[in-house]
Asks: 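Got a structure for you, questions after.
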Amino acid sequence: MEVTRVVAKYKPVFEGSDSAKNKANQASMKEEFDMYMKAKDLFSKKVLRLNRIFRPILC
């Protein structure tokens, strides 16, 4: 699944407003949580890289 879609799908599940529910989801959905964290890391790296490339152009 595409990185952006994984982050969008699981962000409300693992980073919602109810921290107790987030922790429970992280424990009960271990594989999905691992996939989400990897996707989130890749997404963050891509955003940083693109900011470095396009910031000088846009400013």
Side-chain angles (χ1 to χ4, degrees):
M1 189 180 274
E2 182 181 323
V3 172
T4 306
R5 291 179 191 213
V6 171
V7 173
K9 179 179 179 181
Y10 289 113
K11 185 170 184 167
V13 176
F14 298 124
E15 294 186 25
S17 59
D18 185 354
S19 63
K21 189 174 180 181
N22 297 341
K23 294 287 184 192
N25 288 338
Q26 291 171 12
S28 66
M29 303 171 71
K30 183 69 175 151
E31 289 180 24
E32 291 88 348
F33 181 66
D34 290 342
M35 180 175 57
Y36 168 71
M37 291 305 292
K38 288 176 186 175
K40 184 178 171 186
D41 184 52
L42 284 172
F43 182 79
S44 296
K45 287 177 182 177
K46 286 183 180 187
V47 167
L48 287 173
R49 186 173 58 90
L50 290 173
N51 276 335
R52 279 188 245 129
I53 292 170
F54 290 108
R55 178 140 318 189
I57 297 169
L58 298 174
C59 293

Asks: How far does NZ of Lys45 sit from CG of Asp41, to the nearest 0.5 angstrom?
Replies: 4.0 Å

Asks: Just do the side chain to side chain contact (heavy atoms under 4.5 Å, CB included) check on Glu15 and Lys40 with the steps written out, would you?
Replies: CA-CA 12 Å; Glu15 294 186 25; Lys40 184 178 171 186; 2.6 Å; yes

Asks: Going from CG on Leu48 to CD1 on Ile53, what distance comes out if it is rounded to the nearest 0.5 angstrom?
Replies: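 That separation rounds to 11.0 Å.
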
Asks: How long is the span from the OG atom in Ser19 to the CD atom in Gln26, to the nearest 0.5 Å?
Replies: 10.0 Å

Asks: Could you give the distance from CG (Leu50) to CZ (Arg55), rounded to the nearest 0.5 Å?
Replies: 11.5 Å

Asks: To the nearest 0.5 Å, what is the distance between CD on Glu2 and CZ on Phe43?
Replies: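 Result: 10.0 Å between the selected atoms.
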
Asks: Nearest 0.5 Å, please: how far is NZ in Lys23 from OG in Ser28?
Replies: 13.0 Å

Asks: For a salt bridge (charged side-chain N to carboxylate O under 4.0 Å, His left out) check, start with the C-alpha distance between Asp34 and Lys38, then their side-chain angles and the critical distance, and finish with the verdict.
Replies: CA-CA 6 Å; Asp34 290 342; Lys38 288 176 186 175; over 6 Å; no

Asks: Looking only at heavy atoms, which two atoms of Val6 and Ala39 are closest? And how far apart?
Replies: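 Answer, listing the atom of Val6 first, then Ala39: CG1-CB, 3.6 Å.
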
Asks: Within a 6.0 Å radius of atom CZ on Phe33, are there more than 12 heavy atoms belonging to other residues, nucleotides or ligands?
Replies: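 Count over threshold, so yes.
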
Asks: When hydrophobic residues are tied together by side-chain contacts of less than 4.5 Å, even through go-betweens, does Val3 share a cluster with Val47?
Replies: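 Yes, it is one cluster - the side chains of Val3 and Val47 are joined through contacts under 4.5 Å.
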
Asks: Which label fits Tyr36 and Phe14: parallel for a plane angle under 30°, tilted from 30 to 60°, or perpendicular past 60°?
Replies: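 The arrangement is tilted - the two ring planes meet at 30° to 60°.
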
